[in-house]
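Sequence lines set the chain letters: A, B, ... in the order given, protein chains first and strands last, and positions in each chain run from 1. The figures that follow rest on heavy atoms only: side chains count, while hydrogens, waters and symmetry mates do not.
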There are 2 protein chains.
Amino acid sequence: MASPRSGATRPGDRRARSRPSLQGIADLPARDRAYHDLRYRILTGRLAPGTTLLETELAALLSLSRTPVREATIRLAEEGLIAIRPRHGITVRSLTLNDVRDILDVLSALEIRAVELVARRGLARADHDRLLHLMDRMERATEAGDIAQWSEMDDDFHSTVAGLCGNDRLLSTLDEYWSQQYRPRMMIVPLRPKPTQSNIEHRRIVEALAAGDVEAARLAQQQHRARADRQQLDLLRDRLADGADRA
Amino acid sequence: MASPRSGATRPGDRRARSRPSLQGIADLPARDRAYHDLRYRILTGRLAPGTTLLETELAALLSLSRTPVREATIRLAEEGLIAIRPRHGITVRSLTLNDVRDILDVLSALEIRAVELVARRGLARADHDRLLHLMDRMERATEAGDIAQWSEMDDDFHSTVAGLCGNDRLLSTLDEYWSQQYRPRMMIVPLRPKPTQSNIEHRRIVEALAAGDVEAARLAQQQHRARADRQQLDLLRDRLADGADRA
DNA sequence: CCGGCGAATAACGTATACACTATTCATGGC
DNA sequence: GCCATGAATAGTGTATACGTTATTCGCCGG
């Protein structure tokens, strides 16, 4: 990513919301392999929230020495995925409902700004077509009741839009917060009702973008996120009601 | 900071926009001392933009071994203050006008969200009084033509407001971006005209906060930042016109 | 039986050592 | 004279070693 950050995130990836993956990290330095490997395990639940490991144990797990593992964990801690408590271990952070709310509050603010920037820059024909195509597919998935696939495409949609904003720092921070809400977001996929409202709102957003109407785009995105975030928090509350109070 | 980040930023500091300082870092671990020391030197210009040093040289400069210095530089690179180019050195980042624009675009989006949150939470009497007091002093400084002091209080004002938002992650990210624009902001202080318009806008913001009017607060903050950022970029462009094209 | 004090231990923070590789400089060929 | 090729070099990435200190466990006293 041509971002201000140093450590390569994923080579040649210009989009926020990179779905967890280990593609193409084989020849990266050990520190970056450790970072991506751990991030992947955390986001996919292979390292469950609450899991606590010592530096030495993590190093053994990854077959590395403590040095690159330390550097990776510092980065992951900065990004909010783990908590480092010296002599108590490195813990995969679990999130309370309030944590998720805070994360979404930042995420949505950033995404709104991204959409404003896209509207200001204008939408190229190819990008517009791509979004229209995506929305068609999302609507078909909705009718077919395939919420899981819809959810993936929803990520893709917002990621694609944000990716057009032209502000790498914004994308970088967006990606950081997106990572933080990835697990809770996945948790509630099976609970989602048919996202007909989201589909409508997506159309409104793209229309505003195509028209280059910054204010309309801001409003559409803001309302979309406000409603979607409220729904996500509600579903998460239900989900957390049976079980622990953390995700 | 009771933030998601691991490395102590400044012990017991609950505000964003911590003015560069080395208070109370004496007994922190070497890695954190290195981080704060370098950050301080960069923000205050003691390490000028473009300065390039090798890991070994930095370690010697700080009288530490490479390990804690490396960990500090990784963090500073993540925060956008330095660029690490292996075998070419660690360079204090200099910013183009476009960089500053990108930074301000993120910063203002975050600050707008912070203000919305404050409005939603409501303004305690003590905080309201404090802001009123600050605004009085800023207006007196304006009349007295003491722009430098006004600028400091302006930081204080926005920092205080943001600090009331109740979202530590937001504050953390806000602080990161605030650091990035600190130097360019300082550069143009001597060029600023009397900030009478800002003073008026501050009153509007606080009124909306006191009324708990989220939408009015958002609008007031948005307009304030849009105008102030535009002014800052204009002044910076002038400033950069005579000299290099980077800050 | 519980609580506090102290020694043992082990985890971490930092320093250092080592090996790899990118860069540079010099030499030789074109 | 310039470019390319190779060896020298030095900076970094990683491993490891070491010292400090927080935590834990056991023992003793209350």
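- With sequence neighbours left out, B:Thr51 forms a side chain to side chain donor-acceptor pair (under 3.5 Å) with no residue at all.
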Give the intermediate values and the outcome of side-chain contact (heavy atoms from CB on, under 4.5 Å) for residues A:Arg31 and A:Val69.
-> CA-CA 6 Å; A:Arg31 156 184 27 128; A:Val69 172; over 6 Å; no

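- The side-chain heavy atoms of A:Leu81 and A:Arg93, taken from C-beta on, include no pair separated by under 4.5 Å.
- Comparing A:Pro86 and A:Leu64, the nucleotide of DNA chain D nearest to each residue sits closer to the 5' end for A:Leu64.
- Under 3.5 Å, the side chain of B:Arg87 and the base of D:dG13 form no donor-acceptor pair of N or O atoms.
- Side-chain polar atoms of B:Glu79 and B:Gln180 form no donor-acceptor pair below 3.5 angstrom.
- B:Arg121 and B:Gly166 get closest at one heavy-atom pair: NH1-CA, 3.5 Å.
- We find that CZ of B:Arg85 is positioned 13 Å from P of D:dG13, with the value rounded to whole Å.
- The 5' end of DNA chain C is approached more closely, in terms of each residue's nearest nucleotide, by A:Gly89 than by the other of A:Thr67 and A:Gly89.
- The separation between A:Asp32 atom CG and D:dT12 atom P is 16 Å, rounded to whole Å.
- The closest side-chain donor-acceptor pair between A:Thr173 and B:Tyr177 falls under 3.5 angstrom.
- Contact record, B:Trp178 with B:Pro20: CH2-CD, 4.3 Å, taken as the closest heavy-atom pair.
- Neither side chain, A:Arg66 nor A:Thr56, offers a donor N or O lying under 3.5 Å from an acceptor on the other.
- Between the side chains of B:Arg192 and B:Ser151, no donor N or O sits under 3.5 Å from an acceptor N or O.
- Atoms CD1 (B:Ile84) and C1' (D:dT12) sit 11 Å apart, rounded to a whole Å.
- Taking every nucleotide of DNA chain C with any atom under 4.0 Å from a non-hydrogen atom of chain B, the first and last of them, 5' to 3', are C:dG13 to C:dT23.
- Across residues 48-61 of chain B, not one residue has a non-hydrogen atom less than 4.0 Å from an atom of DNA chain C.
- In this structure, B:Arg66 places its CZ atom 7 Å from C1' of D:dG13, rounding to the nearest Å.
- OP1 or OP2 of D:dT23 lies within a sub-4.0 Å distance of a side-chain N or O belonging to A:His88.
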